[in-house]
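Inspection log for the structure reproduced underneath, given as structure tokens.
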Amino acid sequence: MSSTSTAADEKKSQILQQEYNRYQELIQELETQSSTLASQLQEHIIVDRSLTAIAPEKRQGRKCFKMIGGVLVEKSIDEVIKILADEVKELTKQKETVDEELKNNRTTLEKWISLNKIKVVKG
């Protein structure tokens, strides 16, 4: 009878390990997304600051190029500044959403660990 309970314990252990791994993979994926969004946001902010530092009277007639869908498109500096402002807002919103989801998943994992009396052993 002890071999049956040992096999059941082993099966439960494997299921818990798989579930823990799924949580960890999801959290890692969300961390990667958050990092990518933060990097994109920082790049947009740097370009925006560079363009807005040009005096408005010096912007007139100056060309600016923006990559849109893999194609380099000629725009005016003012057009690009407006596009960047919209993109910064969207990236900020996306990053906040991903960060909130990351926080929720970490909380869920902590509750799951507590509920299942999991002891994480680093090897």
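This chain uses plain numbering: 1 for the first residue, then up along the sequence.
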Look at the side chain of Asp48 and the backbone N and O of His44, then say whether any donor-acceptor pair between them is shorter than 3.5 Å. no

Checking the side chain of Ser39 only, and the main-chain atoms of Ser35 only, is there a donor and an acceptor separated by less than 3.5 Å? no

Whether Thr92 side chain and Val88 backbone form a donor-acceptor pair below 3.5 Å: yes

Do Leu109 and Ile113 come within less than 4.5 Å of each other through their side chains, counting heavy atoms only? yes

Note: Ile27 and Leu102 closest approach over all heavy atoms is O-CD1, 3.6 Å

Are the side chain of Arg59 and the backbone of Ile54 linked by a donor-acceptor contact shorter than 3.5 Å? yes

Would you give the length of the straight line joining atom CG of Leu91 to atom CG of Leu84, rounded to the nearest 0.5 angstrom? 10.0 Å

Under a 3.5 Å distance rule, please check whether Ser114 uses its side chain to pair with a backbone N or O of Glu110 as donor and acceptor. no

Linking I/L/V/M/F/W/Y whenever any side-chain heavy atoms sit under 4.5 Å apart, do Val71 and Met67 land together? no

Taking Ser34 for its side chain and Leu30 for its backbone only, find out whether a donor-acceptor pair lies under 3.5 Å. no

Do Gln60 and Asp78 make a side-chain contact, defined as non-hydrogen atoms from C-beta onward lying under 4.5 Å apart? yes

Do Asn21 and Gln17 get their side chains close enough for a donor-acceptor pair, meaning under 3.5 Å? yes

Ile83 and Ile77: same hydrophobic cluster, using ILVMFWY side-chain contacts below 4.5 Å? no

Once you round to the nearest 0.5 Å, how far does OG of Ser50 lie from CD1 of Ile81? 10.0 Å

When rounded to the nearest 0.5 angstrom, what distance separates CD in Glu101 from CD in Gln33? 7.5 Å

Pick from Lys95, Arg106, Lys103: which one makes a salt bridge (Lys or Arg N to Asp or Glu O under 4.0 Å) with Glu31? Arg106

Residue Gln28 excluded, over 12 heavy atoms near CD under 6.0 Å: no

Please step through side-chain contact (heavy atoms from CB on, under 4.5 Å) for the pair Ile46 and Gln42, ending with a clear verdict. CA-CA 6 Å; Ile46 289 169; Gln42 191 61 34; 4.1 Å; yes

Mind checking whether Lys75 and Lys82 have side chains closer than 4.5 Å, heavy atoms only? no

May I ask you to check whether Glu90 and Gln94 show a side-chain donor-acceptor distance below 3.5 Å? yes

For the hydrophobic clusters of this structure (ILVMFWY residues joined by side-chain heavy atoms under 4.5 Å, transitively), does one cluster hold both Val120 and Tyr23? yes

Do the side chains of Leu37 and Gln40 get nearer than 4.5 Å, heavy atoms only? yes

Distance col, row Asp99:CG vs Asn104:CG, nearest 0.5 angstrom, shows 11.0 Å

Under 4.5 Å between side-chain heavy atoms, counting indirect links through other Ile/Leu/Val/Met/Phe/Trp/Tyr residues: same cluster for Val73 and Val80 or not? no

Which pair of non-hydrogen atoms, one from Leu16 and one from Trp112, has the smallest distance, and what is that distance? O-CH2, 3.3 Å

